[in-house]
Amino acid sequence: MIQININTQPIRTDYNIQNAKLNLQTTPPKMLMETTPATLEIAQPRGELTIDHTAYRYSIGLKNIADFSQDNAALGKQTAMETVARIVEEGNQMASIENGSNAVANIAFNASISNVPEITWAPIAAPDIQYQAKPAQINAYAGKVDFTHLKGEVQGDYRPGKVDIKVIQYPSIEFSTVDVKV
């Protein structure tokens, strides 16, 4: 009997594949900003407070040197006139011995009696208070924003892919016959 042998050899290939490459380098965009803030300067000068307490001090009996000196001089003059009048009156009493009274005893008795001081109700004057406000000095300065725009960049490097195919073994079919004796 004849036997047929079939030997097949498949194709064998070798692939060399290089992938495509895309290298991207980016520089992001930038916004450079420089700001100058707004400023507000406020200066408040002090106001003037004027207190004139002359009328108040006069109403409670306290006076300045010039007025006190004038009042004291007037009081001294009045006291001197009253003292002269008293002495003249006492001299007249001593000169009139004819009425038979003891003039020295009467003068001594009158000198020992003091007059009760009088209370005078008087209003107290209020001090004159004045305040003059000075306006605030306001200076406002506007702020600024300076900016610079730097564009972003994209740099690309593209390498296309490759496929290399090599046939290492080609396909083949071999037929052979063998005579087999049974």
Side-chain angles (χ1 to χ4, degrees), residues 5-82 115-176:
N5 287 332
I6 303 173
N7 283 336
T8 61
Q9 187 175 357
I11 188 168
R12 286 182 39 202
T13 57
D14 186 23
Y15 298 100
N16 188 6
I17 300 173
Q18 288 184 345
N19 293 331
K21 288 185 180 179
L22 177 60
N23 291 327
L24 292 177
Q25 293 179 348
T26 60
T27 304
K30 290 184 183 178
M31 178 75 70
L32 302 175
M33 293 175 53
E34 185 177 322
T35 59
T36 304
T39 55
L40 180 64
E41 294 176 356
I42 300 175
Q44 178 66 53
R46 291 186 179 179
E48 283 187 31
L49 176 64
T50 305
I51 301 175
D52 184 9
H53 57 278
T54 306
Y56 166 75
R57 291 178 62 88
Y58 279 19
S59 68
I60 61 172
L62 301 175
K63 300 181 179 179
N64 63 21
I65 298 290
D67 291 338
F68 180 72
S69 297
Q70 285 178 355
D71 288 350
N72 223 3
L75 183 62
K77 183 177 178 182
Q78 181 183 353
T79 304
M81 295 302 255
E82 288 174 0
N115 294 334
V116 177
E118 293 182 21
I119 296 176
T120 305
W121 296 96
I124 296 176
D128 182 22
I129 300 174
Q130 295 179 356
Y131 180 75
Q132 182 178 359
K134 294 188 178 177
Q137 298 170 350
I138 300 172
N139 295 325
Y141 301 101
K144 288 194 310 188
V145 176
D146 294 328
F147 62 91
T148 305
H149 180 284
L150 302 176
K151 293 181 180 180
E153 294 181 2
V154 176
Q155 294 177 347
D157 180 23
Y158 176 71
R159 293 183 189 162
K162 287 185 187 178
V163 177
D164 289 334
I165 302 173
K166 287 185 184 177
V167 177
I168 297 173
Q169 176 179 329
Y170 287 99
S172 64
I173 298 177
E174 232 176 74
F175 296 100
S176 59

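Contact check for E48 versus K134: side-chain heavy atoms found under the 4.5 Å cut-off. Contact of the I60 side chain with the I124 side chain is registered, since non-hydrogen atoms from C-beta on lie closer than 4.5 Å.
Nearest heavy-atom pair across L40 and A140 is CD1-CB, 3.9 Å. What you find for S59 and A125 is that their closest heavy atoms are OG-N, 3.1 Å. In plain terms, the two heavy atoms of A20 and Y158 that are nearest each other are CB-OH, 4.0 Å. When all heavy atoms of M33 and V145 are compared, the pair lying nearest together is CE-CG1, 3.9 Å. Shown here for Q137 and P45, the closest heavy-atom pair between the two residues is NE2-CG, 4.3 Å. Residues Y131 and G47 come closest through the heavy atom pair OH-CA, 3.4 Å.
Around atom CD of E174, no more than 12 heavy atoms belonging to other residues, nucleotides or ligands sit under 6.0 Å away. Within a 6.0 Å sphere centred on CE of M31, other residues, nucleotides and ligands contribute more than 12 heavy atoms.
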For E41 and Y141: C-alpha separation, side-chain torsions, deciding distance, then whether side-chain contact (heavy atoms from CB on, under 4.5 Å) applies.
CA-CA 8 Å; E41 294 176 356; Y141 301 101; 3.8 Å; yes

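With sequence neighbours left out, D157 forms a side chain to side chain contact (heavy atoms under 4.5 Å, CB included) with N23, R159. In terms of the side chain to side chain contact (heavy atoms under 4.5 Å, CB included) criterion, residue partners of D52 (sequence neighbours excluded) are, by chain and number, T54, D128.
The line from CZ of F147 to CG of L32 is 11.0 Å long, rounded to the nearest 0.5 Å. Atom NZ of K144 sits about 11.0 Å away from atom OG1 of T35, to the nearest 0.5 Å. Note: Q70 CD to L75 CG = 13.5 Å, rounded to the nearest 0.5 Å. Rounded to the nearest 0.5 Å, atoms OG1 (T27) and NZ (K151) are 14.0 Å apart. Between the OG1 atom of T8 and the CZ atom of F175 there is a distance of 9.5 Å, given to the nearest 0.5 Å.
The main-chain N or O of P28 is never found under 3.5 Å from a side-chain atom of E153 such that the two would form a donor-acceptor pair.
Looking only at atom types and distance, the side chain of T50 has no donor-acceptor partner in the side chain of Q130 under 3.5 Å away.
For the side-chain contact (heavy atoms from CB on, under 4.5 Å) criterion with D14, the lone passing option out of D164, V167, I168 is I168.
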